[in-house]
S.K.: 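First the structure, which I've put down as structure tokens, then a few questions once you've had a look.
Counting starts at 1 for both ligands and their atoms, in listed order.
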Amino acid sequence: MSDKLIDPADWPGGVLLNLGCGHHAPKTWINIDRSPMMVLRKAPRVRKALRKVGVLHDAHMIDWPENIIRRDLSKPLPLADGTADAVYSSHMLEHLFLEDARKFLAECARVLKPGGMMRLALPDAEQFARDLLEAGDDPEGKAGIQYGEMLRAHPESRPSGKRLVAFVGGSNWHRWQPTRGLVKSLMTEAGFGDLTEYSFREGKLPHLADVEQREDSWFVEGIKS
Ligand SMILES: C[S@@+](CC[C@H](N)C(=O)[O-])C[C@H]1O[C@@H](n2cnc3c(N)ncnc32)[C@H](O)[C@@H]1O
């Protein structure tokens with residue numbers, strides 16, 4: 001993983017950070033993720049072999065674009081203070097331990113210019129809970145199972161053998177649930193103000209349509225004060 005600082009001179013259109021980008025890497029954004037799948041992007045045969053023995057699934061067979069910086073976002077961001085124009089992060093924050101999510105938001109505030117904007121897209125944990133309650137006594141048990149799946153708090157069966165390798169190597173589990181109140185208090189604590197919720201692809205973030213993919217989310221923007 002590279003420790004080189006991002007140079008704003010290389011980004012005349014603006015330093016726009018897409019953090020925890022997955023394999024969606026628009027050219028207008030600086031895309032960062034640490035998925036182990038990026039290591040295998042030049043090794044399709046190894047991927048195929050790992051799928052054959054059950055360590056990887058079909059979803060892992062996607063070719064990850066080259067324009068993604070591999071970096072662990074629980075560590076400091078590779079930027080000097082006050083050099084970024086905007087930060088976008090979709091369905092990533094809840095994959096960090098809560099204490100690391102706090103540090104991550106503080107890092108986003110550190111690297112943003114005053115007045116810089118941050119937008120988060122997050123799974124709607126409150127809606128999942130409402131769906132569960134609306135299912136009543138859930139006679140077939142479907143709502144209970146679905147609730148567990150939506151929370152992605154843990155696998156449904158004990159990982160063992162090959163699946164244990166994928167489980168330990170992956171970071172696919174949600175480590176906390178991003179309710180609106182909790183996320184907004186974390187953002188405020190990190191130094192963001194003017195917190196505003198928006199709908200899908202609506203808001204003030206620059207080049208939003210390039211980067212926003214997940215309608216199955218709730219969205220909040222804040223300004224670095
Ligand atoms: C659920 S995916 C979301 C991908 C994409 N942003 C989206 O909205 O579909 C979570 C992404 O966060 C990345 N991620 C999780 N923990 C991370 C970490 N500590 N550092 C960097 N990326 C991380 C994963 O590799 C994965 O690509």
S.K.: Within the 3.5 Å criterion, strictly below it, is a donor on His91 or Arg214 matched to an acceptor on the partner's side chain?
M.R.: yes

S.K.: Quick one: does NZ or CZ of Arg119 land under 6.0 Å from the six-membered ring centre of Tyr88, within 45 degrees of the ring axis?
M.R.: no

S.K.: So is Gln213 close enough to ligand 1, meaning a heavy atom under 4.0 angstrom away?
M.R.: no

S.K.: Is there a donor-acceptor pair closer than 3.5 Å between any side-chain N or O of Asp33 and the backbone N or O of Gly22?
M.R.: yes

S.K.: Do Lys204 and Glu221 meet the salt-bridge criterion of a basic N to acidic O distance under 4.0 Å?
M.R.: no

S.K.: Please verify the inter-ring angle class for His95 with His174; under 30° counts as parallel, over 60° as perpendicular, anything in between as tilted.
M.R.: perpendicular

S.K.: Salt bridge between Arg47 and Asp63, side-chain N to carboxylate O under 4.0 Å?
M.R.: yes

S.K.: Report yes or no: does a heavy atom of His23 sit under 4.0 Å from some atom of ligand 1?
M.R.: no

S.K.: Examine Trp64 against ligand 1 and note whether any of their N/O atoms are separated by less than 3.5 Å.
M.R.: no

S.K.: Have a look at ligand 1 and work out which part of Ala121, if any, has a heavy atom under 4.0 Å from it: side chain, backbone, both or neither.
M.R.: neither

S.K.: With a 4.0 Å cut-off, would you call Lys75 and Asp100 a salt bridge?
M.R.: no

S.K.: With a cut-off of 4.0 Å, which atoms of ligand 1 are near a heavy atom of Ser35?
M.R.: 25 (O)

S.K.: Considering only heavy atoms, which of Lys75, Glu212, Arg34, His174 lies nearest to atom 23 (C) of ligand 1?
M.R.: Arg34

S.K.: Out of all atoms in ligand 1, which are within 4.0 Å of some heavy atom of Cys21? Include the element for each.
M.R.: 5 (C), 6 (N)

S.K.: Could you see which bit of Asn18 sits under 4.0 Å from ligand 1, with heavy atoms only: side chain, backbone, both or neither?
M.R.: neither

S.K.: Can you tell which part of Arg214 has a heavy atom less than 4.0 Å from ligand 1: side chain, backbone, both or neither?
M.R.: side chain

S.K.: Under 3.5 Å, side chain of Glu94 to main-chain N/O of Pro123, donor-acceptor pair present?
M.R.: no

S.K.: Do His91 and ligand 1 have an N or O pair less than 3.5 Å apart?
M.R.: no

S.K.: Can you confirm, on distance only, whether ligand 1 has an N/O atom lying under 3.5 Å from any N/O atom belonging to Met92?
M.R.: no

S.K.: Does any N/O atom on Leu73 come nearer than 3.5 Å to any N/O atom on ligand 1?
M.R.: yes

S.K.: Would you mind running through ligand 1 and noting each atom that sits below 4.0 Å from a heavy atom of Arg71?
M.R.: 20 (N), 21 (C)

S.K.: Counting from 1, what ligand 1 atoms have a heavy atom of Gly22 closer than 4.0 Å?
M.R.: 4 (C), 27 (O)

S.K.: Pick one: which of Leu77, Ile30, Thr83, Val111 meets side chain to side chain contact (heavy atoms under 4.5 Å, CB included) with Ile6?
M.R.: Ile30

